[in-house]
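First the structure, in the form of structure tokens, and then the observations on it.
Computed from a predicted structure; not experimentally measured. Note that ligands are numbered from 1 as they come in the structure, with each ligand's atoms numbered from 1 the same way.
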Amino acid sequence: MTGARQLRLAVIGAGASGLMALIRLREAGFQDVTIYEKAETLGGTWRDNRYPGVTCDVPSHGYRYSFEPNAEWSRVCAPGDEILDYLKNVARKYDLERSIRFGEEVSSARWCDGRWEIETTSGPQGAFDAVVTATGVLHHPNYPDIPGIDTFEGDAFHTARWKDGLSLKGKRVGVIGTGSTATQITGALVPEVAHYALFQRTAQWIAPLPQGPIPEEQKALFRERPDLLQAEYERISHENNSKFAAAIVGANPRAYEKLVQVCRDYLETSVRDPELRAKLTPTYAVGCKRLILSENFYEAIQHPNAELVTDRIERIEGRGIRTADGRLHELDVIVFATGFDTHKLMRPMEARGQDGRTLDDVWAEGNRGYLAVTVPGFPNWFMIGGPNSPIGNFSWLLTAENQFGYALKLIQRLARGNVSEIAPKREASRRFNEQIREALPGTVWATGCSSWYIDRHGNIASWPWTFEKFEADMSEPQWDDFEMA
Ligand code: NA7
């Protein structure tokens, strides 16, 4: 980076996105980069989610950094600990930990005299030229608002706060929620516990996803032939992005119809008892909630020691969960598989921009940015996973790399020297959000269901267009849409 201004940069979060940002920044010649990570270790969602059965539901050869293909994935969809190991190996290979400050939660970032003043839980960290937020989306556990939640006498915890070392063998376990997490737990836990009660508020559509091991010969072939590994990546990307995601946003009606049929057939052919099948049949469109991919949920829930409870939960008591029919479901352990507050993003950190307003002020009626990466009034503030990022059944790593590739171009512009502040024009952001509002009603997310895509104001937080459009938009900043000083 000869002739360029050396910038002091802060990245917030040492999950998959933050690690990638550090690698790419160093590669681009930026040496003064610090990652602030509130936990004591890296890995983000793959560090936090250690529940039985945790896997990625994007096939692994499609869920990896573009610059670190991995021939070693053991299964079609790798287990969580394998993904965590992958991230740790990448961190080791690129010597990332020397730039990570663990146990440092960023409490505030204030735009002051043309730089970001950062403060963490251990005090002021000084001024930075730019900030990259890589704080994740599925990050803040959502605890259900159920009366008596603190009165339970057994163990009770959220899936992202799993009680390590607790044996569930022979216990009576109740799981609240039926999202991807609960579905994976069900497949893994039913065989080992004495009784398994799954408390379902809403049925979920499920598509089958074969989850077999990847044979040794296949791995050996991928090791020897990086071109085949790349071809596999492209095949999965095409399936996920061009077909599946396009189907969900209404851009590929034939693929959508096929998907609906696959889900219906899977339910029909997998669940024998018509009463149970009726309980498991959703009343909303396939894909309105994030589609679940599983190969063992239906089988597990029909196991003799498993029970699907659809009566409304009335309260939690010392000995278990009381449902509206008056029945007490006696339990030893309650697991809250109740998802995440996906709209909190980088908060509770206080980010105070150019005109003294905080992100909380600016986002009082919903999170809004420009192309999901920047926010007007917040110069040199770059988000990975900002509002309206492609979320859902995509490879998050691919989304993150695209967004950071875009942010990097803006950061490089700052490094060139004659510009020290870059922020999107308000008009550009307004236009983008207007386009979002126009496009969203055409997507399946707007067809009438509750989901973690929708915030409390009714805004849908996802990217309403194809992944190809996202990649095109991220390929080069529209420089006219930015104010530079
Ligand atoms: P999700 O997909 O948000 O699922 C949460 C589940 O918890 C869902 O079934 C909710 O029912 C249920 N829930 C939430 N609050 C309550 C209360 N108060 N009572 C009963 N049931 C409740 O979270 P996951 O962790 O499974 O998955 C999140 C993402 O992680 C997933 O999509 C992947 O991207 C990985 P509801 O449907 O709202 O009626």
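Side chain to side chain, Glu234 and Gln230 meet the donor-acceptor criterion of an N or O pair below 3.5 Å. Side chains of Thr358 and Asp360: no donor on one and acceptor on the other come within 3.5 Å. A donor-acceptor pair shorter than 3.5 Å cannot be found between the side chains of Asp48 and Thr45. Side chains of Gln403 and Ser389: a donor on one and an acceptor on the other come within 3.5 Å.
Contacts between Phe199 and ligand 1 below 4.0 angstrom, taking non-hydrogen atoms only, are absent altogether. By the criterion of a heavy-atom distance under 4.0 Å, the backbone of Ala337, and not its side chain, is placed next to ligand 1. Using a 4.0 Å cut-off between heavy atoms, Thr178 contacts ligand 1 through both its backbone and its side chain.
If you number the atoms of ligand 1 from 1 as listed, the ones under 4.0 Å from a heavy atom of Pro144 come out as 17 (C), 18 (N). Close approach of ligand 1 to Gly339 is summarised as follows: ligand atoms under 4.0 Å from at least one heavy atom of the residue are 3 (O), 5 (C), 23 (O), 25 (O). The contact set between ligand 1 and Trp452, taken as ligand atoms under 4.0 Å from a residue heavy atom, comprises 1 (P), 2 (O), 3 (O), 28 (C), 29 (C), 31 (C), 32 (O), 34 (O). In summary, the atoms of ligand 1 found under 4.0 Å from a heavy atom of Gly177, numbered by their order in the structure, are 6 (C), 7 (O), 9 (O), 12 (C).
Residue contact annotation: Lys289 has a non-hydrogen atom under 4.0 Å from ligand 1.
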